[in-house]
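Here it is: the structure, laid out below.
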Amino acid sequence: MAKKLKIEKEKHKEKWNMSGLGDGIIDSDLLSGWHIEIFGKNQIVIEGCLGVFEYRDDYLHLKLEKGAIILCGTGFNISVFEEKRITVKGKISSIEFN
């Protein structure tokens, strides 16, 4: 008895341009300035932070390379602040960009 060969067709995979710029090249102006990573409601890491305007347990106003950011919440603690990178832990309820 002969074995049947199973031939699977390759599924067409769509290619997505994640940069949103059309040509796949990221403009250097987009990479300069600041970068934010949010880990749930309890931690935020900001690269490009130049300083702290105001710091309270429930309010944090940070100076960025281009503009500012305000964090509101409770129990804020700056766990790391070195060079231009700041890590804030606490319950974040809102983020505002200025």
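The analysis underlying the following values was restricted to heavy atoms, covering all of them including side chains, and did not include hydrogens, waters or symmetry mates. In this chain, residues are counted from 1 in sequence order.
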*Exercise: identify the closest heavy-atom pair between L60 and Y55*: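 Answer, listing the atom of L60 first, then Y55: CD1-CD1, 3.2 Å.
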*asked:* Once rounded to the nearest 0.5 Å, what's the spacing between atom CD of Q43 and atom CG of N77?
replied: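 So the CD of Q43 and the CG of N77 are separated by 10.5 Å.
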*Quick one: closest heavy-atom pair of C49 and L64, and the distance?*
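Reported closest heavy-atom pair: CA-CD2, 4.1 Å.
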_Ignoring hydrogens, what is the shortest heavy-atom contact between Y59 and C72? Give both atom names and the distance._
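Result for this residue pair: CD1-SG, 4.0 Å.
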*asked:* Which heavy atom of F39 sits nearest to which heavy atom of V45, and what is that distance?
replied: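 Shortest heavy-atom separation between F39 and V45 comes out as CE1-CG2, 3.8 Å.
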*From NE2 (H35) to CZ (R85), nearest 0.5 Å*: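 These two atoms lie 8.0 Å from each other.
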*Do V88 and F97 share a hydrophobic cluster, counting only Ile, Leu, Val, Met, Phe, Trp and Tyr and linking them when any side-chain heavy atoms are less than 4.5 Å apart?*
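Yes, one cluster joins them.
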*asked:* Test of understanding: clusters of I, L, V, M, F, W, Y form through side-chain heavy atoms closer than 4.5 Å, transitively. Do I36 and L62 belong to the same one?
replied: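 Yes, because I36 and L62 connect within a single hydrophobic cluster, where side-chain heavy atoms sit under 4.5 Å apart.
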*Same hydrophobic cluster for I95 and I86, using side-chain heavy-atom links shorter than 4.5 Å among ILVMFWY?*
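Same cluster.
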*Working to the nearest 0.5 Å, report the span between CD of E96 and NE2 of H61.*
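These two atoms lie 8.5 Å from each other.
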*Can you name the closest pair of heavy atoms from A68 and F53 and give their distance?*
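Distance-wise, the nearest heavy atoms are CB-CE1, 4.2 Å.
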*Heavy atoms only: give me the nearest K91-N42 pair and the separation to one decimal.*
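Scanning both residues, the minimum pair turns out to be CA-OD1, 4.0 Å.
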*Heavy-atom count around E37 CD within 6.0 Å, excluding the residue itself: above 12?*
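Counting other residues, nucleotides and ligands, CD of E37 exceeds 12 neighbours.
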*In terms of heavy-atom contacts, does CD of E54 have more than 12 from other residues, nucleotides or ligands at under 6.0 Å?*
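More than 12 within 6.0 Å, yes.
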*After noting the C-alpha distance and the side-chain angles of V52 and F81, does the key distance pass the side chain to side chain contact (heavy atoms under 4.5 Å, CB included) rule?*
CA-CA 10 Å; V52 179; F81 192 8; 4.0 Å; yes
